[in-house]
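Following: one structure in structure tokens, then a few remarks.
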There are 2 protein chains.
Amino acid sequence: MTGQVRTVDGRVAGRRGQATRQKLLDCLSEMLSSSPYRDVKVIDVARRAGTSPATFYQYFPDVEGAVLEIADRMAADGSALTALVEGRSWAGKAGWQTAQELVDGFLEFWKKNDAILRVIDLGAAEGDKRFARIRAKILNSVNSSLADSVAELQSKGRVDKDLSPAAIAGSLVAMLAAVASHQKGASAWGVKQAELRPSLAVLVHLGITGRKPTR
Amino acid sequence: MTGQVRTVDGRVAGRRGQATRQKLLDCLSEMLSSSPYRDVKVIDVARRAGTSPATFYQYFPDVEGAVLEIADRMAADGSALTALVEGRSWAGKAGWQTAQELVDGFLEFWKKNDAILRVIDLGAAEGDKRFARIRAKILNSVNSSLADSVAELQSKGRVDKDLSPAAIAGSLVAMLAAVASHQKGASAWGVKQAELRPSLAVLVHLGITGRKPTR
DNA sequence: CACTTGTCCTGTCATGCCGTCAGCTTACCG
DNA sequence: CGGTAAGCTGACGGCATGACAGGACAAGTG
């Protein structure tokens, strides 16, 4: 599946080359965490990696290209989110449990990858299809599974039948992503971190099942 | 309240100066809509405004400074969102009406100002307090009003009392903002635009009142 | 061991944007 | 009409970008 790693000018990268390439990606990741996306410069990344700008351009067309690579890898890793919803029950106490674990997993994942996720979100919002695809890949793993649950509860008459399951699931997932990406600044709008988790869990449970959770 | 407009080097701006300044802001706004934030350069803005980069730096410290100015004005304008929730009822059919109009107003506002709102969101997520404050200013107008409604319904026993009203309201508002900022790309994750509105309205109504809307 | 081959890195260069300054032009006012 | 402050820009040093050719290095070959 993963073809050979290639440089911009078409050579195949060997062991040493892949190591520097990886180091550049790592340093770029750190830079994204510590400074605004707009101010991340190739020369800074190269310096931090102990190499020169020319080397960077041998492996990536530009900063955006490298960011896409990081995002792609994280997207693959992000399929771990699927485990949070796949095969879970939304009935009774188990449903409350499911909602809580989904929220926790989401916040955790976002906290761990906040820098790159910010950039993906921006790219997608700006209309860049490559970023939009990656964002969809990450969220869809949760999204489609939630949509299935909604559709199932619809057939039992618990949820309004003329609503689109995908739209409900998508909105809830977007909510989780949005809150997660601003969780650091939550206190700025007068909410304590600890209050966020239960509230989100209740909202998710309400949205999926149409009922308040039984704890 | 609004002090005199001043240039970077301390002069007071006269009629002509304020016009140029405004033109620069307008052009920057257009640039933000048409190209990625990362690629917006001072020289492009200046060229489009029919002036020189040096002039830009006379009125703004840098691109970010000008963006903050645009954001600030929009935040003032954005208090129009307050009208969507202030003094509205969440009971019965009126409640469903309120939810729908809130969603509509939100999506509309976002569609009109998507470019600048994207940048504000990014800045806030990156931890810049100036952007966070502006974002809070926009969202708080809706947020606090919603929180009041939740608190009121809590006292009637309709909503769980150990949940933070501010956290619930904040999460719902974050959802609206997130979906709004990705509404163009909604089809990418398999949802039609038209399906979004009712789903969001239902979720908001559920979150605030704890009950499905009666239509 | 010298030689070859192909990968890997960097010095260097042209180009273009950044951010600042001195200085020129324009408008206003007594 | 002269003085004063506002308004604008040309020009400049500095730095990032992106391309290239060539040197360093490791591994295989006779």
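Below, read A as the first sequence line, B as the second, and so on, with proteins coming before strands; counting in each chain starts at 1.
Within the structure, side-chain hydrogen bond (donor to acceptor under 3.5 Å, both in side chains) contacts touching residues 37-48 of chain A (residues at least two apart or in different chains) are A:E30-A:R48. Counting only residues at least two apart or in different chains, ring pair (Phe, Tyr, Trp, His ring centres under 6.0 Å) contacts with residues 110-130 of chain B comprise B:F106-B:W110. Residue pairs meeting the salt bridge (charged side-chain N to carboxylate O under 4.0 Å, His left out) criterion with at least one member in residues 49-62 of chain B: none, sequence neighbours excluded.
OP1 or OP2 of C:dG19 lies within a sub-4.0 Å distance of a side-chain N or O belonging to B:Y57.
Counting heavy-atom neighbours within 6.0 Å of B:R88 CZ, excluding the residue itself, gives a total above 12.
Taking atom OH of A:Y59 as the reference point, atom P of D:dG18 lies 18 Å away to the nearest angstrom. Atom CG of B:D9 is separated from atom C1' of D:dC8 by 12 Å (rounded to the nearest Å). To the nearest angstrom, C1' of C:dG6 lies 15 Å from CD of A:Q18. To the nearest angstrom, P of D:dT4 lies 15 Å from CZ of B:R11. The NZ atom of A:K41 sits 17 Å away from the P atom of C:dG16 (whole-angstrom rounding). Between the CG atom of A:D39 and the P atom of C:dC17 there is a distance of 18 Å, rounded to whole Å.
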Under 3.5 Å, which protein N or O atoms sit close to an N or O of nucleotides 9-15 of chain D? Give each pair with its distance.
unit_1, atom_1, unit_2, atom_2, d
D:dT9, OP2, B:T51, OG1, 2.6
D:dT9, OP2, B:S52, N, 3.3
D:dT9, OP2, B:T55, OG1, 3.1

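Annotation: side-chain hydrogen bond (donor to acceptor under 3.5 Å, both in side chains) contacts of B:E69 (sequence neighbours excluded): B:R21, B:R73. Take A:K184 and apply the side-chain hydrogen bond (donor to acceptor under 3.5 Å, both in side chains) test, not counting sequence neighbours, and it matches A:D114. With sequence neighbours excluded, the residues satisfying side-chain hydrogen bond (donor to acceptor under 3.5 Å, both in side chains) with B:T209 are B:H205. For B:Q58, there are no side-chain hydrogen bond (donor to acceptor under 3.5 Å, both in side chains) partners two or more places apart in sequence or in a different chain.
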Mind listing the side-chain donor-acceptor pairs of residues 77-84 of chain B below 3.5 Å, one per line with the distance, residues two or more places apart or on another chain?
unit_1, atom_1, unit_2, atom_2, d
B:S79, OG, B:A76, O, 2.8
B:T82, OG1, B:S79, O, 2.7

Taking distance alone, no hydrogens or angles, what donor-acceptor pairs closer than 3.5 Å link side-chain atoms of residues 164-171 of chain A to residues at least two apart or in another chain?
unit_1, atom_1, unit_2, atom_2, d
A:S164, OG, A:A166, N, 3.4
A:S164, OG, A:A167, N, 3.1
A:S164, OG, B:E195, OE1, 3.4
A:S171, OG, A:A167, O, 2.8

_Sugar-phosphate or base contact per nucleotide [nucleotides 25-30 of chain C; S, B, -; heavy atom under 4.0 Å]_ = ---S--
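The distance from atom CD of A:E126 to atom CG of B:L32, rounded to the nearest 0.5 Å, is 9.0 Å.
Within the nucleic acid shown, A:F60 has no heavy atom closer than 4.0 Å to any nucleic acid atom.
For the pair A:P61 and B:G14, nearest-nucleotide mapping onto DNA chain D gives the more 5' position to B:G14.
Interface residues of residues 23-37 of chain B facing DNA chain D, ordered by number: none; criterion, heavy-atom separation under 4.0 Å.
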